[in-house]
Amino acid sequence: MDLTGPIHDILVVFLGSALILGSLGVVLFTNPIYSAFSLGLVLVCISLFYILLNSYFVAAAQLLIYVGAINVLIIFAVMFMKGSEYSNDFYLWTVGDGVTSLVCTSILFLLITTISDTSWYGIIWTTKSNHIIEQDLISNVQQIGIHLSTDFFLPFELISIILLVALIGAITMARQ
Amino acid sequence: MMFEHVLFLSAYLFSIGIYGLITSRSMVRALMCLELILNSVNINLVTFSDLFDNRQLKGDIFSIFVIAIAAAEAAIGLAIVSSIYRNRKSTRINQSNLLNK
């Protein structure tokens with residue numbers, strides 16, 4: 001969205017902090033229902049991020065599919081399994097947990113260092129010179145529709161076949 | 001300078017997802033952390049599509065496909081978990097070798 005500077009920054013900070021706390025909640029809550037609802041919060045915040053990044057169709061798809069279908073499916077599965085793992089609560093910090101947290105922290109610092117050291121402004125400057133102003137006549141959703149039905153038509157049909165196969169497979173696995 | 005913070009958030013979600021995926025004792029929690037990883041990749045794709053590619057939106061369309069694949073995989077994963085739970089009455093990961101037979 002073409003919001004002014006401070007509103008944009010405040011929204012990014014707010015959504016970012018909700019995202020950080022929600023993802024910590026997914027991993028660290030012992031009750032699986034709390035963890036599933038934290039995942040729902042993370043997915044809604046990501047959808048609002050997509051609105052800030054001018055991708056309105058992906059934001060709507062994220063809200064409908066991820067929050068509306070996948071998160072509801074996860075909550076059904078969590079409620080269906082009577083959680084036996086928070087009654088025998090031996091949540092000790094094992095050696096494997098420590099090694100994994102060390103490795104994940106090092107991955108995070110490696111990625112942050114790489115992102116900070118990349119000179120993005122050189123790449124932005126060479127690609128912004130190709131933009132023509134008249135493309136704002138077609139909105140983002142219309143452009144996605146045009147490209148899905150002309151350039152990316154084959155992956156679109158293959159995705160529908162994949163979804164059909166996944167549906168049949170899931171019903172076969174979960175039957176009887 | 002602003003979009004680098006979005007990339008930092010995506011890297012943070014990715015590393016938290018990997019940590020949760022490796023150290024979770026329940027299969028449903030592992031599937032939830034897998035969704036976190038896929039969402040972090042989607043944020044990266046959409047950020048770069050907004051920044052560089054306003055004509056063809058390749059990143060946006062690829063992230064739509066990633067969302068569809070993640071939906072299919074979550075459905076199948078939860079079907080497998082529910083059938084393992086029906087047979088073993090437990091959702092610990094170290095007891096999920098039922099598909100070996």
Side-chain angles (χ1 to χ4, degrees), chain A residues 8-9 12 16 19-20 23-24 26-27 32 35-36 39 42-43 46 49-50 53-55 57-58 61-62 65-66 69-70 73-74 77-78 80-81 84-85 96-97 100-101 104-105 107-108 111-112 115-116 120 124 127 131 135 140 143-144 147-148 152 155 159 162-163 166 169-170 173-174, chain B residues 2-9 11-20 22-26 28-29 31-33 35-36 39 42-43 46-47 49-52 54-58 60-61 63-65 67-76 78-83 85 89-92:
Chain A
H8 201 145
D9 291 343
V12 167
L19 212 60
I20 289 174
S23 63
L24 278 177
V26 171
V27 172
S35 177
L39 183 71
V42 165
L43 296 173
I46 290 178
F49 251 115
Y50 291 156
L53 288 170
N54 286 324
S55 312
F57 183 72
V58 187
Q62 166 96 3
I65 297 176
Y66 257 118
I70 295 180
L73 193 61
I74 287 177
V78 163
F80 172 61
M81 329 235 160
S84 64
E85 75 267 7
D97 285 351
T100 312
S101 68
C104 287
T105 315
I107 287 178
L108 178 65
L111 283 172
I112 288 181
I115 292 169
S116 312
W120 298 109
I124 291 176
T127 54
H131 283 176
Q135 72 207 2
N140 178 278
Q143 268 186 320
I144 287 186
H147 288 303
L148 266 183
F152 300 104
I159 279 282
I162 284 179
L163 285 172
M173 287 296 306
Chain B
M2 191 281 299
F3 83 100
E4 279 187 2
H5 294 292
V6 184
L7 295 181
F8 290 157
L9 272 175
Y12 170 79
L13 273 181
F14 186 74
S15 68
I16 288 272
I18 284 188
Y19 172 73
I22 294 179
T23 66
S24 67
R25 294 189 181 89
S26 157
V28 185
R29 189 182 295 264
L31 282 171
M32 287 196 272
C33 296
E35 300 302 324
L36 271 186
N39 271 300
N42 268 346
I43 289 181
V46 169
T47 302
S49 155
D50 171 58
L51 195 64
F52 292 136
N54 279 325
R55 309 206 58 185
Q56 234 190 342
L57 299 172
K58 298 188 275 283
D60 272 0
I61 291 176
S63 74
I64 290 174
F65 290 143
I67 288 178
I69 296 281
E73 163 253 334
I76 291 182
L78 286 170
I80 290 178
V81 164
S82 78
S83 68
Y85 176 75
K89 284 290 178 288
S90 147
T91 59
R92 300 287 305 274

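Basis for what follows: all heavy atoms, side chains included, without hydrogens, waters or symmetry-related copies. Note on naming: letters A, B, ... go to the chains in the order of the sequence lines (proteins, then strands), and numbering restarts at 1 for each one.
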Region of B:Ser63 that comes under 4.5 Å of a non-hydrogen atom in chain A: side chain
Chain B contact via A:Asn140 - which portion, at a heavy-atom distance below 4.5 Å: both
Contact class of B:Ile18 relative to chain A, heavy atoms under 4.5 angstrom: both
Atom pair NE2 (B:His5) and CG (A:Asp9), whose distance is rounded to the nearest 0.5 Å: 8.0 Å
Toward chain B, the part of A:Ile159 with a non-hydrogen atom under 4.5 Å: side chain
For chain A, the option from B:Leu36, B:Asn39, B:Leu7, B:Leu13 that forms the most heavy-atom pairs under 4.5 Å: B:Asn39
Atom group of A:Ile70 that falls short of 4.5 Å from chain B, counting heavy atoms: side chain
Nearest heavy atoms of A:Val27 and B:Cys33, plus distance in Å: CG2-SG, 4.2 Å
Under 4.5 Å from a heavy atom of chain B, the part of A:Leu111 involved: side chain
Considering all heavy atoms, the nearest B:Val46-A:Ser55 contact: CG1-OG, 3.2 Å
Contact class of A:Leu39 relative to chain B, heavy atoms under 4.5 angstrom: side chain
B:Ile43, part contacting chain A, at a heavy-atom distance under 4.5 Å: both
Contact origin within A:Ile144 toward chain B - heavy atom pairs under 4.5 Å: both
Straight-line distance of A:Ile65 CD1 to B:Ile67 CD1, nearest 0.5 Å: 6.0 Å
Counterpart residues, side chain to side chain donor-acceptor pair (under 3.5 Å), relative to A:Tyr66 (two or more places apart): B:Glu35
Toward chain A, the part of B:Gln56 with a non-hydrogen atom under 4.5 Å: both
Flag side-chain contact, heavy atom, 4.5 Å: A:Ile115 against B:Phe3: no
Residues A:Gln143 and B:Asn54: side-chain donor-acceptor under 3.5 angstrom: no
Engaged part of B:Val6 at the chain A interface, taking heavy atoms whose separation is under 4.5 Å: side chain
Largest heavy-atom contact set with chain B, pairs under 4.5 Å, which of A:Ser101, A:Gly96, A:Ala69, A:Gly169: A:Ser101
Contact winner vs chain A - B:Asn42, B:Val28, B:Ile22, heavy-atom pairs under 4.5 Å: B:Asn42
A:Gly16 versus B:Leu9, closest heavy-atom pair with distance: CA-CD1, 3.7 Å
A:Trp120 and B:Phe52 aromatic ring geometry - parallel, tilted or perpendicular at 30°/60° bounds: tilted
Side chain to side chain contact (heavy atoms under 4.5 Å, CB included) involving B:Tyr12 - partner list, sequence neighbours excluded: A:Ile20, A:Ser23, A:Leu24, A:Leu108, B:Ile16
Shortest non-hydrogen contact between B:Met32 and A:Ser35, atoms and distance: CE-OG, 3.3 Å
Minimum heavy-atom distance between A:Leu163 and B:Ala68, given as atom pair plus value: CD2-O, 3.9 Å
Shortest non-hydrogen contact from B:Ala75 toward A:Ala170: O-CB, 4.1 Å
Contact leader toward chain A among B:Thr47, B:Asp60, B:Thr23, where contacts are heavy-atom pairs under 4.5 Å: B:Asp60
Chain B interface, residue from A:Ile162, A:Ile74, A:Ile107 that has the most non-hydrogen pairs under 4.5 Å: A:Ile74
Contacting moiety of A:Val26, where chain B heavy atoms sit under 4.5 Å: both
